[in-house]
Amino acid sequence: LVTFSVGRSDSLKTMQYKLTTIGKGSNSSGAPFIAVLVTRMKDNVNILQADTIYAESSINFDGIEAAFNFPTDDVPQSGNIFYVNSVVPVPPTLADKYRFVLKGASVNNAVIKENLSTIKVVPNPYIVSSLFEPEFGELRREPIRQIQFTNLPPECTIYIFTVDANLVKTLHHNSSSGTEPWDLKSEGGREIASGVYMVLVKTKTDQYMNRFAVIK
């Protein structure tokens with residue numbers, strides 16, 4: 001019914017007001033209106049009485065604008081009460097002092113556990129001739145051999161195994177990016193063979209396992 005806003009900031013006061021609907025009626029054309037009494041709560045003094053407030057009209061008092069919006073076929077009855085508090089803003093000065101507290105980073109293990117299932121191996125399967133791979137070099141145009149583990153938690157360890165449970169590579173991820181690349185080389189620096197591999201992602205409290213394929 002009523003929306004309050006600042007009309008004139010130079011007239012604004014730190015105060016509480018009460019608006020009470022005290023009547024209703026209609027003009028000769030049949031347009032309905034209401035009557036409103038504005039009371040200053042500090043000393044219970046009535047500072048404004050508006051007897052003809054039509055729908056989508058407004059009144060002003062002590063720098064406050066009160067806009068009224070009510071359906072013409074359902075005019076508010078007498079006795080409705082609205083309260084509004086106004087506060088005069090205090091501009092900052094050179095004498096003001098501010099104190100900021102920075103909290104250290106924290107890890108929500110419950111959220112990490114819930115999001116482990118979103119970890120992906122991209123691309124899967126990995127095909128050597130895949131267009132996913134960018135190229136570098138001006139003469140050889142040698143493709144970069146790389147897959148990526150995505151949607152990772154900020155801190156985790158990635159273990160890559162063969163299907164025979166032989167450890168191929170260990171990657172330590174510590175980044176908020178959520179992505180860790182792998183150059184498809186074993187711990188000894190040799191390129192891996194074609195086949196199916198297992199990936200195990202372990203955090204301090206949980207783990208996630210999946211598999212991916214490499215096709216040459």
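Ile22 is listed as a side-chain neighbour of Gln49, based on a closest heavy-atom distance under 4.5 Å. Residues Asn85 and Phe4 form no side-chain contact, since every pair of their non-hydrogen atoms from C-beta on lies 4.5 Å or further apart. A 4.5 Å side-chain heavy-atom check between Leu171 and Thr157 finds every atom pair outside the cut-off. Residues Asn115 and Tyr208 have side chains not in contact (no heavy-atom distance under 4.5 Å, counting atoms from C-beta outward). Side-chain atoms of Asn166 and Phe161, non-hydrogen and from C-beta on, never get closer than 4.5 Å to each other. Put simply, the side chain of Tyr197 reaches to within 4.5 Å of the side chain of Thr162, judged on heavy atoms. Arg40 has its side chain within reach of Tyr17: a pair of non-hydrogen atoms, C-beta onward, lies under 4.5 Å apart. In this structure, Asp183 and Gln146 have side chains that are not in contact, with every pair of non-hydrogen atoms separated by 4.5 Å or more.
A salt bridge links Glu191 to Lys216: one of the charged nitrogens lies within less than 4.0 Å of a carboxylate oxygen.
Environment of CD in Glu187: crowded, with over 12 heavy atoms of neighbouring residues, nucleotides or ligands closer than 6.0 Å. Within 6.0 Å of CD in Glu114 there are 12 or fewer heavy atoms belonging to other residues, nucleotides or ligands. Counting heavy-atom neighbours within 6.0 Å of Lys204 NZ, excluding the residue itself, gives a total of 12 or less. The neighbour count for Lys113 NZ, taken as heavy atoms of other residues, nucleotides or ligands under 6.0 Å away, does not exceed 12.
With rounding to the nearest 0.5 angstrom, the CD1 atom of Ile147 is 5.5 Å from the CG atom of Leu184.
Between the Ser186 side chain and the Val168 main chain, no donor and acceptor come within less than 3.5 Å of each other. Between the side chain of Ser58 and the main chain of Ala66, no donor-acceptor pair closer than 3.5 Å is present.
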Please evaluate residues Lys24 and Gln77 with respect to the criterion side-chain contact (heavy atoms from CB on, under 4.5 Å), reporting the C-alpha separation (whole Å), side-chain torsions for both, the decisive distance (0.1 Å), and the verdict. CA-CA 7 Å; Lys24 65 177 183 177; Gln77 300 292 328; 2.9 Å; yes
